[in-house]
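All heavy atoms count here, side chains included; hydrogens, waters and symmetry mates do not.
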Protein chains: 2
Amino acid sequence: MPTTPCDRSSVVDARAGEPAYRTRKKDIREANEALILAAAEKVFAMHGYQGTATGQIAVEAGLPKANLHYYFKTKAILYREVLQHILDDWMKAASTFDTCNEPREALRAYVTAKMEFSRQRPFGSRVWAREIMSGAPMLEDFLGTSLKTWVNARVRIIRRWVREGKIEPVDPHALLYMIWATTQHYADFEQQIIILNNGKALDDRGYRQRTRQVIRLVLGSVGLQS
Amino acid sequence: MPTTPCDRSSVVDARAGEPAYRTRKKDIREANEALILAAAEKVFAMHGYQGTATGQIAVEAGLPKANLHYYFKTKAILYREVLQHILDDWMKAASTFDTCNEPREALRAYVTAKMEFSRQRPFGSRVWAREIMSGAPMLEDFLGTSLKTWVNARVRIIRRWVREGKIEPVDPHALLYMIWATTQHYADFEQQIIILNNGKALDDRGYRQRTRQVIRLVLGSVGLQS
DNA sequence: ACGTATCTTGACCGTTGGGTCAAGATACCA
DNA sequence: TGGTATCTTGACCCAACGGTCAAGATACGT
């Protein structure tokens, strides 16, 4: 990737009364931690926790391995921080379920947010998937508490929609799992999708169309297609 | 696990004219290869290719590591054989798509077969998922040839259904991906599903009900719910 | 300007990994 | 019954791994 002749620190970091070219300690820490977390997410997504070498992450981040271990003592700690970041964004997407009381708009918003998440954070989605396939050793707490609470509340909402005759009488869990699975599929199985799409990744336009199709299928599944 | 006082070879393998208690060489090979493949599928499903140690597989199979390497020279060869087995079963499930020309029955049969696959071969499903998340280095050939051919043919069938007004005008790829994602979710994310189900795995009855729900959602998504 | 805290890194350490080997055990076949 | 092919296994090898360390470099506060 091409870089501009002047680097970040001399342009972006300029502040009044400070030399613009010298990077400040706090910024160094912040930048390096972010760099390492991004690299780690990518490599963990590719090879999983056990299959990832900290040296690989260091290479991906463009740092010596010893430097990585200066910022994150152990691989386990680094992995947990990566998971935490993903979890935060996952929950942010989840909150869109409540943008509206009407099933049509709520489902549309939620599917859109989940598709957006798959588009923006494909590596995060894969780390999440791998973690659960490994028995969710690090996520057990979250799954059993926060996620469960969230799911129970949404299940009640869906049941209400059914009771009020707003949607067909579907099993709420089955519906939620279908939405999760379908939207996450676009991140987790991206490689398969690309190959079946003649080697080309979906561009922005294609992705928007696909999002619309997923919304249509989900709405149809509960009897909401006009 | 408790064992019966008399072992398999003396009971099952009894054949006329041969000493029943002595295991024959061919049977040894067959049994050990099957044992190792099953163990490997399980461990690969848990930790992925890179994250799996051949020693772990050996322990899981109850054999010394050197013995495992006697039957499968390298980890890569063993992994490829595991993948091949999964692929065969995946294709077998795929063939059920063609049991009927009518969308309702075809989709019902296909979803049922895929759900059955998730139930019977959860480890296989996870190995598959991990392989694709790693960029499908070993599956690229298959994805680009056999699978692509299969998908193209099914896409044409779905388009025909749309043209004939038998189903709503949905994107065939989006529909297929939704079916794959949703059915495989029950294998790949089993742990999450268990936790959200109060720590209990779905029993046979629950699984059949869930299968019916998935069928209902899929049929609904294309406008086929009565 | 100088002492201190933070950051950087090549070299290193003990452990684990994939894979080999050679010697013994077991089944096979003539 | 004896020779051969297959099977079994503890011991071993070397590369790669997670993690440490100490010494130098860089920014900070006064």
A:F189: what forms a ring pair (Phe, Tyr, Trp, His ring centres under 6.0 Å) with it, not counting sequence neighbours?
-> A:H185
Distance-only, no hydrogens or angles: does the B:D171 side chain make a donor-acceptor pair with backbone N or O of B:H173 under 3.5 Å?
-> yes
B:W90 ring center within less than 6.0 Å of B:W180 ring center | yes
Ring center gap for A:Y49 and A:W128 short of 6.0 angstrom | no
Nearest whole Å is fine: how far is [N] [atom2] from [X] [atom1]?
X: B:K73; N: C:dT20; atom1: NZ; atom2: C1'; answer: 8 Å
X: B:E30; N: C:dA27; atom1: CD; atom2: C1'; answer: 16 Å
X: B:Q50; N: C:dG18; atom1: CD; atom2: C1'; answer: 13 Å
X: A:Q56; N: D:dG18; atom1: CD; atom2: C1'; answer: 13 Å

Sugar-phosphate atoms are those with a prime plus P, OP1 and OP2; base atoms are the rest. Using that split, label each nucleotide of nucleotides 4-16 of chain D B, S or - for protein heavy atoms under 4.0 Å, 5' to 3'.
-> --BBBBB------
Please identify each residue that fulfils side chain to side chain donor-acceptor pair (under 3.5 Å) with A:E33, with sequence neighbours left out.
-> A:R29
Using side chain to side chain donor-acceptor pair (under 3.5 Å) as the criterion, list what pairs up with A:R121, not counting sequence neighbours.
-> A:E41, A:D89
Where the side chain of B:T54 is concerned, which of D:dT20, C:dG18, D:dG19 is the nearest nucleotide?
-> C:dG18
Nucleotide nearest B:R24 (side chain, heavy atoms from C-beta), chosen from C:dC28, D:dT20, C:dG19 = C:dC28
Specify the closest pair of heavy atoms between A:R210 and B:A174, including all atoms of both residues, with the distance to one decimal.
-> CD-CB, 3.8 Å
Looking at A:H47, A:Q191, A:R126, A:R130, which hits side chain to side chain donor-acceptor pair (under 3.5 Å) with B:S134?
-> A:R130
Among B:K92, B:Q84, B:H85, find the one that has a side chain to side chain donor-acceptor pair (under 3.5 Å) with B:D88.
-> B:Q84
Is the NZ atom of B:K42 crowded by more than 12 outside heavy atoms at less than 6.0 Å?
-> no
Is atom CG of A:D203 surrounded by more than 12 heavy atoms (other residues, nucleotides or ligands) closer than 6.0 Å?
-> yes
To the nearest 10 degrees, how far apart in direction are the end axes of the helix from C:dA1-D:dT30 to C:dA30-D:dT1, each fit to five base pairs?
-> 10°
List, with names and distances, any nitrogen or oxygen atoms from the protein found under 3.5 Å away from nitrogen or oxygen atoms belonging to nucleotides 1-3 of chain D.
none

